Undergrad: 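My structure is below; once you've seen it, I'll send some questions.
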Number of protein chains: 2
Amino acid sequence: MAKIKDVAAAAGVSPSTVSRVLCNGPVSDKVRKRVEDAMRKLDYRPNMAARRLRSQHTDTIGLIVSDIRNPFFTAVSRAVEDEAYRNGMRVILCNTDENPDKEAMYLRLMQEERVTGVIFAPTRQTVASLDPVALGFPVVMIDRASRDVITDAVVLDNRRAAAALVDHLLAQGYRDIAGVFGNTSSTGMERHAGFVEAMQLAGLPAPAQFVAPSVEAAEQAVRTMLAAPQRPRALVVSNGVLMLGAVRALKSAGLQWPQDVALAGFDNDVWTELLGDGLTVIEQPVGEIGRAAMAMLLERLDDPERSPRIVVLQGKLLARGSSAPAG
Amino acid sequence: MAKIKDVAAAAGVSPSTVSRVLCNGPVSDKVRKRVEDAMRKLDYRPNMAARRLRSQHTDTIGLIVSDIRNPFFTAVSRAVEDEAYRNGMRVILCNTDENPDKEAMYLRLMQEERVTGVIFAPTRQTVASLDPVALGFPVVMIDRASRDVITDAVVLDNRRAAAALVDHLLAQGYRDIAGVFGNTSSTGMERHAGFVEAMQLAGLPAPAQFVAPSVEAAEQAVRTMLAAPQRPRALVVSNGVLMLGAVRALKSAGLQWPQDVALAGFDNDVWTELLGDGLTVIEQPVGEIGRAAMAMLLERLDDPERSPRIVVLQGKLLARGSSAPAG
DNA sequence: ACAAAAAGTGGGATCGATTTCAATTGATAA
DNA sequence: TTATCAATTGAAATCGATCCCACTTTTTGT
């Protein structure tokens, strides 16, 4: 494969000049054209490794999410990638499966790649022990954040969103409401807090279950909840993955929504609007989350000293059939 | 950030020796331990750019898919990534949106990154003009392949799968069957061919529509099909994304399946089993596709000379409620 | 027309690792 | 004890680009 020296020779200039053409340095139009012709003729492709080594900047950001199969994260990733690309940056995408070991491994990988910055949706465990300074690059958290560690972050107003679901169910006439929350993310905790707050405000108990963030775990948990002597009349479910489990549990128990159990949850995944008269959900501004995270990262790179900030975005309640009045 | 020289100094050895520790070269246990201690103390992270430049191998493969939001591709990606990781390789994931310009751009990117190989789901347009030799790295195609260009590939037996859907619908008593296929991929073409073949074998006409591979395009197309004077009694739909559009069209037209229109398609996306009594689909062996592609790529790297082969995997018909007998 | 400033170009060091080759050490056998 | 050989180690070249500095050419101002 042709290298810069070959191009230089072919164009009758020095390697320095070829490099200047590559980097839009000061080159006369005549020479630039000669060099570009040579590049085309030799089918030259700059070697990124060499470029990054010498220039000491990679123009690459890391995006570490817990599960790319979760439509929430695919949508956010998509937005991050588009935005990154528009700013001349590449993205390295990583899946952690909510596994702290994998998180540590990928953070180390990011260091080895000398990424410019990282956008990260960490588990509670990792978020507690994270030292962004030691990492050597700025980190913007998404979806999840910690109250203690101060980092840039883009999150949903989870308490309010969860409370909105509860208020909606209450307004529809439901009282006996139970919650299902993920146990690995701060998000699950926040949503639980909002759930409890709103229920207490209404003077109601707030029974809740915490489960591993998988369809199977949720299905199992909901199945037992539904089999209990006094089963709840409505369910608030903490995210799209768990909601899928809840729906499966209801179906396999032969229960209908909202007739037998009302449903309300998070994430406007494509299928939620197709089930019966639709599932009531909080729609997250996924595109905005991705774009905001990328924007924050760029600002941080611009000014490493500015104080960390947290962008809190609001969800949007989509009231659909699964939470229709008890009738 | 510490470099190899610093580690060498701290451990009282030469940089060469540190490098040998890094690469599992011949080093005495005593020295190895000293070096490893020094690395830990300095929090050393090898610089991948430098390593790749010098060693001339990146241990990185490219994975170019058309849409990471399509569950088929997310699932395949996941399998590829896991398999790659198990073989000590990194993956660069790219989205093309079925856009040939983006495909060209990402192929160029792969060259600049000097990837070891690429797994690629190309559009028909690109597949026709692809010259794997000129690219400089081996390419394994997934999901799609060309009859002309000879490359390693992993594909579904699309004709047979489509025919299986038709046969199933025929067995259930349906005759008036129409098809909806994507117009950018060879896959759509193959499935169409299988559809036509099976219909002709039954002595039936095979009306078909080709649409852009988006939910909206499919919804629009199906909506007009359903509004036509003699609307089909059953629909064969070429993939999960289009199926989503078809379902939306049916719902908005107030039609039920299978009572008004029977449905059968591809991709066992999570939601397909939740809709009514489930959607009849061909389940693709997504994990196997990803693993097979990665395996083929490794074999090809092992032996660049061996003749190209195509792995054809079989889909599995999941007969569900949407194709129940006409009653 | 001449000095000063600006623009364009080339030479050579450099980024941080690996790799080749030579040197040294230690172990083994005669 | 000494020659031989394998196992370790170090010195220096190298990967392919960028970047600093010096030099030449052109432009500008007076």
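All values derive from a computational prediction rather than experimental measurement. Letters go in sequence order (proteins before strands), and every chain restarts at 1.
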Undergrad: Looking at A/Glu113 and B/Arg90, is any side-chain nitrogen of the basic one under 4.0 Å from a carboxylate oxygen of the acidic one?
TA: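 Salt bridge between B/Arg90 and A/Glu113, a charged N being under 4.0 Å from a carboxylate O: yes.
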Undergrad: Looking at A/Gln56, I'd like to know whether one of its side-chain N or O atoms comes within less than 4.0 Å of OP1 or OP2 on D/dC19.
TA: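 Indeed not, no polar side-chain atom of A/Gln56 lies that close.
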Undergrad: Using distance only, find each side-chain donor-acceptor pair of residues 5-18 of chain A under 3.5 Å and give its atom names and separation, not counting sequence neighbours.
TA:
{"from": "A/Asp6", "atom 1": "OD2", "to": "A/Lys3", "atom 2": "N", "distance (Å)": "2.9"}
{"from": "A/Ser14", "atom 1": "OG", "to": "A/Ser16", "atom 2": "N", "distance (Å)": "3.4"}
{"from": "A/Ser14", "atom 1": "OG", "to": "A/Thr17", "atom 2": "N", "distance (Å)": "3.4"}
{"from": "A/Ser14", "atom 1": "OG", "to": "A/Thr17", "atom 2": "OG1", "distance (Å)": "3.3"}

Undergrad: Check this one for me: any side-chain N or O of A/Ser19 less than 4.0 Å away from OP1 or OP2 of D/dA17?
TA: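 Indeed not, no polar side-chain atom of A/Ser19 lies that close.
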Undergrad: Nearest to the side chain of B/Thr17 - D/dA12, D/dA17, D/dT9?
TA: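 From the listed options, D/dT9 comes nearest.
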Undergrad: Among A/Arg34, A/Lys41, A/Lys33, which residue meets the salt bridge (charged side-chain N to carboxylate O under 4.0 Å, His left out) test with A/Asp37?
TA: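 The passing option is A/Lys33.
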Undergrad: Going by an N to O cut-off under 4.0 Å, is there a salt bridge joining B/Lys102 and B/Asp97?
TA: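 Answer for the salt bridge query: yes.
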Undergrad: Has A/Ser55 got a side-chain N or O lying under 4.0 Å from the OP1 or OP2 atom of D/dC19?
TA: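 Answer no for this pair, as no side-chain N or O of A/Ser55 is under 4.0 Å from OP1 or OP2.
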Undergrad: Between the two end axes of the helix from C/dA1-D/dT30 to C/dA30-D/dT1, each built from 5 base pairs, what angle do you get to the nearest 10°?
TA: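 That helix gives 30° between its end axes.
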Undergrad: Could you tell me how far apart B/Arg54 (CZ) and D/dA17 (P) are, to the nearest whole angstrom?
TA: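 For the pair B/Arg54 CZ and D/dA17 P, the rounded distance is 15 Å.
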Undergrad: Distance under 4.0 Å to a non-hydrogen atom of chain B counts as contact; along DNA chain C, which nucleotides mark the start and end?
TA: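 It runs C/dG16 to C/dT19.
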Undergrad: Do B/Val155 and B/Arg144 have side chains that get closer than 4.5 Å, going by heavy atoms?
TA: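 No, side chains not in contact.
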Undergrad: Please confirm whether the shortest side-chain N or O distance from B/Ser14 to OP1 or OP2 of D/dG10 is below 4.0 Å.
TA: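 For D/dG10, OP1 or OP2 has a side-chain N or O of B/Ser14 closer than 4.0 Å.
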